[in-house]
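Here the structure comes first, spelled out in structure tokens, and everything after it is commentary.
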Number of protein chains: 2
Amino acid sequence: MRFTTKTEYGLVCLIYMARKSPGQSVTIKEIVKTERFSATYIEKILQKLRTANIVISHQGKQGGYALAKASSEITLKEIIEALEGGSTFDVSLNTFGVFCAPQIRDRIVCTHFSMCGLRPVWHKTKELLDHFYGSITLETIAKEEPEVKNLVTVN
Amino acid sequence: MRFTTKTEYGLVCLIYMARKSPGQSVTIKEIVKTERFSATYIEKILQKLRTANIVISHQGKQGGYALAKASSEITLKEIIEALEGGSTFDVSLNTFGVFCAPQIRDRIVCTHFSMCGLRPVWHKTKELLDHFYGSITLETIAKEEPEVKNLVTVN
DNA sequence: TTAATCTGGACAAATTTAGTCTGGTTTTGG
DNA sequence: CCAAAACCAGACTAAATTTGTCCAGATTAA
């Protein structure tokens, strides 16, 4: 149980942007120079974030990406939903909402042959995570300093 | 973000076993007849559960599987750890513990080039889920009745 | 003994994730 | 104007992971 690299890389990009002065735009080239990600892959990720109205972009020379709103207004929840959302099993709709019970038209349909009490558990999991991630903003993540004692950079 | 079918199928099997009288053993054949799972796949899952001391098995004619302890003593946490545990990214060790920071020898090493404040977030996620799943027993899941209003069986 | 059952490991198929490639379009500075 | 710098879009490929299958062997009750 994990998030994909899209969420990981996307978060690193957003943290990078959050540390710039508000409104200042950033090019993919610049991010890639710092983080050594694949430029074309980061493009994809930023496009997802743009569709979700988390970043805005400007085309053309002097173009780039910037946060669409203050970092204190962007929650981890919306970032994760934007980036995990394209997966076959996405955070908000499939996994914990209807894990053992896909929705067919307007009814929840359990595909197991004996009834089980799992749905409330997955539902509560989703509630827990939504509440937690909904309470964390990009500002917090970008500000927070790692515990130097346990955290060492490579290069 | 989801659990694999191993966890899903495994839970269904355990619920099936929990509803038998204590100590009564169950064959794969019997489970498969009820749930229409692949027998060979269920074998693999039950072997994982056996290794984790959640079920015990008896070989030979009249053999089968039974819960290794009372269903009230088996938590969802240990079931999930047993079944997701073999994955490359497992619940207890990799994902939320050290998502952006693999452990190399005895130090946590952040592979990103700019520091980020994500580790405490994944750590807290793990704590939340461990606490929640640690508090739910197989007995509870096996007992609980689905809300018939929203939950319809197929077949 | 023998049929029923679990055991264990190699193997294969399907799915998903991760990443590349290529040819666009838009904008702006000279 | 126009060429360079940047984003846009989508098909495509490769790698990794999940989801199984197959089967010979070990064990045990009847």
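The basis for the numbers below is simple: all heavy atoms, side chains too, and nothing from hydrogens, waters or symmetry mates. Letters A, B, ... are given to chains in the order of the sequence lines, protein chains preceding strands, and every chain is numbered from 1.
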Taking side chain to side chain contact (heavy atoms under 4.5 Å, CB included) as the definition, give me every residue that meets it alongside A/Ser72, ordered by chain and number, with sequence neighbours left out. A/Ala70, A/Glu139

Listed partners of A/Lys44 passing side chain to side chain contact (heavy atoms under 4.5 Å, CB included), at least two apart: none

Below 4.0 angstrom from OP1 or OP2 of C/dA18, is there any side-chain N or O of A/Tyr9? no

Atom-to-atom span, CD of A/Glu30 to P of D/dA5 - whole angstrom: 16 Å

Give me the ring orientation class for A/Phe37 and A/Tyr9: parallel if the planes are under 30° apart, tilted from 30 to 60°, perpendicular past 60°. parallel

Set of side chain to side chain contact (heavy atoms under 4.5 Å, CB included) partners for B/Ala52, sequence neighbours left out: B/Ile54, B/Ala82

Would you compute the distance between atom CG of B/Leu128 and atom NE2 of A/His131 and round it to the nearest 0.5 angstrom? 10.0 Å

So, is A/Thr4 close to the C/dT16 phosphate, meaning a side-chain N or O under 4.0 Å from OP1 or OP2? no

With 3.5 Å as the limit, what N/O pairs link the protein to nucleotides 11-13 of chain D?
| unit_1 | atom_1 | unit_2 | atom_2 | d |
| --- | --- | --- | --- | --- |
| D/dA11 | N6 | A/Lys44 | NZ | 2.9 |

In the 5'-to-3' direction, what one-character label does each nucleotide of nucleotides 25-30 of chain D receive under the scheme B = base within less than 4.0 Å of a protein heavy atom, S = sugar-phosphate only, - = no such atom? -BBBB-

When we call it a touch if two heavy atoms are under 4.0 Å apart, what does A/Leu46 touch: a base, just sugar-phosphate, or nothing? nothing

Does the side chain of B/Thr137 come under 3.5 Å of the side chain of B/Glu73 through a donor N or O and an acceptor N or O? no

Atom-to-atom span, CZ of B/Phe3 to P of D/dT19 - whole angstrom: 13 Å

With A/Lys69, which residues qualify under side-chain hydrogen bond (donor to acceptor under 3.5 Å, both in side chains), at least two apart? A/Glu78

In whole angstrom, what separates B/Gln47's CD from C/dC6's P? 10 Å

Quickly work out the A/Ile42 CD1 to C/dT17 P distance and round it to whole Å. 17 Å

Find which nucleotide of DNA chain C each of A/Lys6 and A/Glu43 is nearest to by heavy atoms, and output the residue with the more 5' nucleotide. A/Lys6

Identify, with sequence neighbours excluded, every residue that meets side-chain hydrogen bond (donor to acceptor under 3.5 Å, both in side chains) alongside A/Lys33. none

Atom CD1 of B/Ile45 to atom C1' of D/dT18: distance rounded to whole Å? 11 Å

Ignoring backbone atoms, test whether A/Arg50 places a side-chain nitrogen or oxygen under 4.0 Å from the OP1 or OP2 oxygen of D/dC8. yes

Tell me the interatomic distance from A/Lys33, atom NZ, to D/dA5, atom P, rounded to whole angstroms. 13 Å

What contact category does B/Thr27 fall into here, base, sugar-phosphate, or nothing, at under 4.0 angstrom with non-hydrogen atoms? sugar-phosphate

Reckon B/Tyr41 has a side-chain N or O less than 4.0 Å from the OP1 or OP2 of C/dA14? no

Rounded to whole angstroms, how far apart are NZ on A/Lys48 and C1' on D/dC8? 16 Å

Need one value for A/Thr40: base, sugar-phosphate or nothing, where a base atom within 4.0 Å counts as base even if backbone is also close, heavy atoms only. base

Check whether any side-chain nitrogen or oxygen of B/Ser57 sits under 4.0 Å from OP1 or OP2 of C/dT5, and answer yes or no. no

Show me the side-chain donor-acceptor pairs of residues 22-32 of chain A shorter than 3.5 Å, one per line, residues at least two apart or across chains.
| unit_1 | atom_1 | unit_2 | atom_2 | d |
| --- | --- | --- | --- | --- |
| A/Gln24 | OE1 | A/Ser21 | N | 3.4 |
| A/Gln24 | OE1 | A/Ser21 | OG | 2.7 |
| A/Thr27 | OG1 | A/Glu30 | N | 3.2 |
| A/Glu30 | OE2 | A/Tyr16 | OH | 2.7 |
| A/Glu30 | OE2 | A/Lys20 | NZ | 2.8 |

Pairing residues for A/Ser38 by the side chain to side chain contact (heavy atoms under 4.5 Å, CB included) criterion, not counting sequence neighbours: A/Thr40, A/Tyr41

